Trainee: 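Would you mind keeping the following structure in view while I ask a few things?
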2 protein chains.
Amino acid sequence: MTRTLALLLAAATLHTIPANAQTPPAAAPQAYSPLFAGEVERARRDVEASIKAGINVPVPKDPGGGFTHEQHKRNYRVIFEGGQLFRMTGDTRYRDHVRDMLLAYADLYPGLGPHPAKANQTAGRLFWQSLNDSVFLVNAVQGYAEIRASLSAADRQRIDDRVIRPMAHFLSDGSPEVIDRIHNHATWAAAGVGLSGYLLGDRDLVDKALLGLDKSGKAGFLRQLDLLFSPDGYYAEGPYYQRYALQPFVVLAAAIAANDPDRRIFEYRDGIVLKAIRTAIDVTHDGFFLPINDAMPDKSLRTEELYHAVAIAYGATKDPAFLSIAEWQGRTVLTPAGQAMAADLAAGKAKPWPFGSRLLSDGPDGKQGALVLLRTKPDPSGPLLVAKNTVQGMGHGHFDRLGWLYYDETGAVVTDYGAARFLNVEAKQGGRYLPENDSWASATIAHNTLIVDEQSHFGGDWKAGEKAGTRQLAASLDGPTRYAIGAIDSAYKDVAFRRALLLVEVGGLANPLVLDILHPTGSGRHRYDLPLHFSGHIIDSDIAFERKLAERPVLGTANGYQHLWVDGEGSKAGKARLTWMQGSRFYSYHMLPPAGARFIVAESGANDPDFNLRREPVVIQRVDGAGDATFVSLLEPHGAYDASAETVVASSARVTGLEHRREAGADVVLVTLVDGRRIAIAVADDVAAGAKHSVTIDGCTLAWTGPVGRLDLAKTGAKQ
Amino acid sequence: MTRTLALLLAAATLHTIPANAQTPPAAAPQAYSPLFAGEVERARRDVEASIKAGINVPVPKDPGGGFTHEQHKRNYRVIFEGGQLFRMTGDTRYRDHVRDMLLAYADLYPGLGPHPAKANQTAGRLFWQSLNDSVFLVNAVQGYAEIRASLSAADRQRIDDRVIRPMAHFLSDGSPEVIDRIHNHATWAAAGVGLSGYLLGDRDLVDKALLGLDKSGKAGFLRQLDLLFSPDGYYAEGPYYQRYALQPFVVLAAAIAANDPDRRIFEYRDGIVLKAIRTAIDVTHDGFFLPINDAMPDKSLRTEELYHAVAIAYGATKDPAFLSIAEWQGRTVLTPAGQAMAADLAAGKAKPWPFGSRLLSDGPDGKQGALVLLRTKPDPSGPLLVAKNTVQGMGHGHFDRLGWLYYDETGAVVTDYGAARFLNVEAKQGGRYLPENDSWASATIAHNTLIVDEQSHFGGDWKAGEKAGTRQLAASLDGPTRYAIGAIDSAYKDVAFRRALLLVEVGGLANPLVLDILHPTGSGRHRYDLPLHFSGHIIDSDIAFERKLAERPVLGTANGYQHLWVDGEGSKAGKARLTWMQGSRFYSYHMLPPAGARFIVAESGANDPDFNLRREPVVIQRVDGAGDATFVSLLEPHGAYDASAETVVASSARVTGLEHRREAGADVVLVTLVDGRRIAIAVADDVAAGAKHSVTIDGCTLAWTGPVGRLDLAKTGAKQ
């Protein structure tokens, strides 16, 4: 085995592989730590089943979820696993099976044209989109690397020349429209091409992967590292694609570290690869990725990509917090990096992951906005307020600037629909994004932010959105009054808006409150809609809704409004409340919209001919004919329901009052609790950190420095 | 401590309590097994918190879920726990707190009239319904019993005369309309009165509890044991109330065993008390009670009632299967029975509970019908077909004769709405049953059985239903073709119907199929509706639905139909299919209704002014102008979706054909699989076990004895 091969899989800090690869030692299974032993056993089952079933390399035919699609996926997995098993055990049955499978691909591959089920995406050869071909190559190269040196020269030549090299050529020179983009598909292509280059000793392929087809550095892996992540390691398309993109980044980075150590790839751009891994872990709740932009909500840290990322990051840093993530994953990768990490986990070295509040700057320069995560405790399933003050996120971005989400111990409370898609389910358009992904899931009305005149932000044109960032004005990540303030004036031609989202801890309340102060300012008269999508069953409201009981109309005709069934509409002077229940907890949403506002309760699912949409509730605050306006809203989690013990506590809200006053240069919100206490929160127009402000509230002076001040008033009005 | 007191809590087979109760030994905490230690710790926290908070015995005011309601519940728990802690530790602080609390009740109780928040149910004194007063007394007596002997004569007299005795009198002579019924409320009252009688040495109270107010035996506990359970220990109201009713049955039975050992209460009626406990465990899936009739779907074996039942049953039988239930519960009771069981669990004596198929006869004589449970494996969360061929179940019974449910590893698949109620949630009518419980949840259309002319069974009159049983014709609990056949001719004046539900295991299919053959026979022309309520997201269908895309009408005007929004209607010749996805699995429902049938997809939630209903999908097979008819339906679970690995297998159905032939004296159904195999199932009209039948299918002879025959045909038509 040549040095190139041996190092392909080993991160720089890991041990190297025995030199005599043709007869690798038969590892003693009992030497594996439990996590790794599980992987070996799983791989054995897969590969033995594949050996028993025989080689099956079908002519490509089906889209995602179909038989040929799944079979080629199974095959690259077997190539990967079989190669690793051969390295570890020296059992030539594994080598021979991988070899025979690759030889079958050598028969098939050179004759393939564009996949017959190609759709909107760039067609692959083996798969309906070339992205899957890249994934195939990344996996196949890693398996093939482990058996290549022990093959006959003829077999090696045949596989090199009829599988690896043509695949690499197809994904590089053959697909400039893919590999030269700044996009996760390009990263997968670069990883496949780069790994192939290292394996074949083909510098040309490596350079094209790292620097773009013209080797200028204007495209390629390094440029992707420059442009796809913010300085905080946040990936522009959002957590779901951050997860997806990570695997090729970390696998190619590990190969670069091993083969081109002088590049010091893990230190590149202030350690951007490791930052990206840490940030990927941070953008989760209870282990599940926040489903902003196009995203499936069932994706968690328990995915192949993160097994690779965690193992490689642990190898590069030895940070014991990664071990607790591996423990939650319950899985690792079959590589030396996975083996070493599993051993340290078994040795009891794990430390909890320090989940905390984070301001993740967005954009390559970190100045195009931010994703702000506010947490009150390090518990992975504790309260989490997400302010989406980010960039557009390219074609997978949704039109939800200044939107927000809320999670706590009951799961997603204030929700994001995610993507309209049934991944790999053939009957749902082959598992592709569905038409409702555009017509509903990405529309502004499907999110928790301002809609002006029933139009999505940027007119629903993501390329227009891509030109404009969001202004992340201020944030505070600590203390009892955490907050994020953002603004945007480009989402609508005539209307700018600014929003302060605050996570407010109050003595005596078991759960924090979320305060939302939203300010549209605009010329002309507009309809403003402010939706809140939530998860749970409505308990009651103090709004007298005119209910649509026996015939259910649709809210509008376009821009997502056509997908909302109306359940009721009503109005109420002053603060209005809607209470729902989810799991063991109650949530009261207190609303203080501009005067004359109406409240609409609706549900997604209208105009959905193929039953593609989930049906989820939303409450909308609507005001017509408005210019400058203020929406003040407060989410109050409260109470507990215990089905087992048949007890209920605090099923009614503790917040009884919500007032808004416009003082000189500041918004002052007064929250009154059932016990008579009041909390005054002031948000200054001037967000400068050093600016001093002062307002008088019921004879008390609230003076503060910076954007946000707070004063807790006892029942008598005296300062506490 | 007198013998009466000591034995009140100890089941006959358990050790007795040290005689010198005034100074019980301080038990060493480390001597407790983990399960019991947890209970002691929990009780300590409760009681210490109550001591710290001070006595709070409020004047009754609130309905379920309100403050005074919850406070009196907390109090009886503290009385129970404080008494047990005093027994175990001898710490007089516990005794004194329980004493002081009971003395506070002695001040309050004698002056109370009917509860101000009384509703439809019989009013209590401390609670809005007297049922809760019974529960209070059952708990309070058990706590008081542990401190009574060590009180001053004056305190004892005051509590005896102003709390226990007047409560017992209120629940016996003061409430004949409760205690003399044959109903779970009467059992709770009998338990409170009986325990009080044993404690006070008052034979009159004991006899009234056991034999009814007139002591004739026509009412009272023993008569309840005769009439409320079937010979198989199935409780007429269904699993939810079986659970609820169990606690007073087992607690009073244990007290009778201790105080009146000659009654041999655990052998009474062939061991009906223990049968009832075993059956309660059997009528669960994944630990949750099947939510037939009025039932909350979140009730599991993890409830107070079952902690008592399991501890007492284990004490009485030493059957180690009870220990595995206790292990799943993770809880037990603070009594000697709980302590002894926890010790055996800690000693590793647990054996798995043998979940299996069961025919639970219904009615006091076991001849009024049956609940049939068909399982293919002992896994508590494995496949489970439930055929509800039961009696009405009194006022909590639903109108769903011959209905069915299906559960498997993904949870409830073919569903029952359960009750329309938010237990103890004050904003939802004080936690009581909601109007939609009558208008929707109990209506026939809300269930998976035949509706004739849009009328519920028995015209929706449960008293009419109570007069008529269901005929349980035949069942087979084992083998690859398990089944239950039932019939009823009293649900409708003009239409009788018979139904065969079969759980069919097929080689090569990972999951069993459910075959349903439903035969209405009637005079005149009728509308037949056959709904299937399911859980999951619709994937696709081969029915061309005319969709209600932009305005959603309601299906009907009464009998539950007014609560269904229509999503679409369509028709198709021959077999039709609807496929949905739940969790990681796909489900295809294949329908072969009478010619001319239409298919309606709808959802619950219409005409629901207070947002009281959950929104759940249903597909309805509808035929108009029919007399005799046959509906053949097949539920096929298939495939797997793995979000983590991004793999999908078998998302399309394996069943491609469903044919029905009427042969001489039998229905023959042919199921064709995608690989060409066919399974012929024949169900004879004559259900006699010894009857011989024969039909010819494609040249093959299917001969069988008894109600059901089966022939598996290979692709060529040859017999396998």
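For clarity, every value in this text was computed on a predicted model and none was experimentally measured.
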Trainee: Quick check on V566(A) against chain B: is it the side chain, the backbone, both or neither that has a heavy atom closer than 4.5 Å?
Mentor: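 Contact with chain B is absent: no heavy atom of V566(A) under 4.5 Å.
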Trainee: Charged N to carboxylate O below 4.0 Å: is that the case for D567(B) and R615(A)?
Mentor: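 Counted as a salt bridge, because a side-chain N and a carboxylate O are separated by less than 4.0 Å.
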Trainee: Heavy-atom pairs under 4.5 Å with chain A - which of H69(B), R614(B), Q562(B) has more of them than the others?
Mentor: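 Most heavy-atom pairs within the cutoff with chain A belong to R614(B).
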Trainee: Out of N424(B), L549(B), T303(B), which one racks up the most heavy-atom pairs below 4.5 Å with chain A?
Mentor: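 Heavy-atom pairs under 4.5 Å are most numerous for L549(B).
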Trainee: Check step by step if side chain to side chain contact (heavy atoms under 4.5 Å, CB included) holds for Y641(A) and D298(B).
Mentor: CA-CA 11 Å; Y641(A) 168 77; D298(B) 55 7; 3.1 Å; yes
Trainee: Can you say whether R74(A) sits under 4.5 Å from chain B via the side chain, the backbone, both, or neither, judging by heavy atoms?
Mentor: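 When you check distances to chain B, only side chain atoms of R74(A) fall under 4.5 Å.
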Trainee: Of all of K73(B), E426(B), K299(B), which one pairs up most often with chain A through heavy atoms under 4.5 Å apart?
Mentor: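 Option with the top pair count is K299(B).
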Trainee: Take F611(B) and D540(A), measure what side chain to side chain contact (heavy atoms under 4.5 Å, CB included) needs, and give me the verdict at the end.
Mentor: CA-CA 8 Å; F611(B) 298 97; D540(A) 74 338; over 6 Å; no
Trainee: Are any non-hydrogen side-chain atoms of E551(B) and R552(A) less than 4.5 angstrom apart?
Mentor: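 Answer no - side chains too far apart.
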Trainee: Do K428(B) and M581(A) make a side-chain contact, defined as non-hydrogen atoms from C-beta onward lying under 4.5 Å apart?
Mentor: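 Answer no - side chains too far apart.
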Trainee: Looking at every non-hydrogen atom in both residues, tell me the closest pair between W565(A) and K548(B) and how far apart they are.
Mentor: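 Looking at all heavy atoms of both residues, the closest pair is CH2-O, 3.4 Å.
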Trainee: Rounded to the nearest 0.5 Å, what separates atom CG in L613(A) from atom CD1 in I538(B)?
Mentor: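 Going from CG on L613(A) over to CD1 on I538(B), the span is 12.0 Å.
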Trainee: Report which part of E603(B) has an atom under 4.5 Å of a heavy atom belonging to chain A: side chain, backbone, both, or neither.
Mentor: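 E603(B) touches chain A through side-chain heavy atoms alone.
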Trainee: Indicate the atoms forming the closest heavy-atom contact of A550(B) with V554(A), along with that distance.
Mentor: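 Smallest heavy-atom distance, with atoms named: O-CG2, 3.2 Å.
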Trainee: Could you look at F288(A) and say if it's the side chain, the backbone, both or neither that has a heavy atom under 4.5 Å from chain B?
Mentor: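 Contact with chain B is absent: no heavy atom of F288(A) under 4.5 Å.
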Trainee: Where does F586(A) contact chain B at under 4.5 Å (heavy atoms): side chain, backbone, both or neither?
Mentor: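 The answer is the side chain of F586(A).
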Trainee: Would you mind checking which part of N607(B) comes under 4.5 Å of any heavy atom in chain A, side chain (CB onward), backbone (N, CA, C, O), both or neither?
Mentor: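 Both backbone and side chain of N607(B) come within 4.5 Å of chain A.
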Trainee: Do the non-hydrogen side-chain atoms of V425(B) and I539(A) ever get within less than 4.5 Å of each other?
Mentor: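 Sidechains of I539(A) and V425(B): in contact.
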Trainee: Under a 4.5 Å heavy-atom cut-off, does chain A meet the side chain of V649(B), its backbone, both or neither?
Mentor: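 V649(B) touches chain A through side-chain heavy atoms alone.
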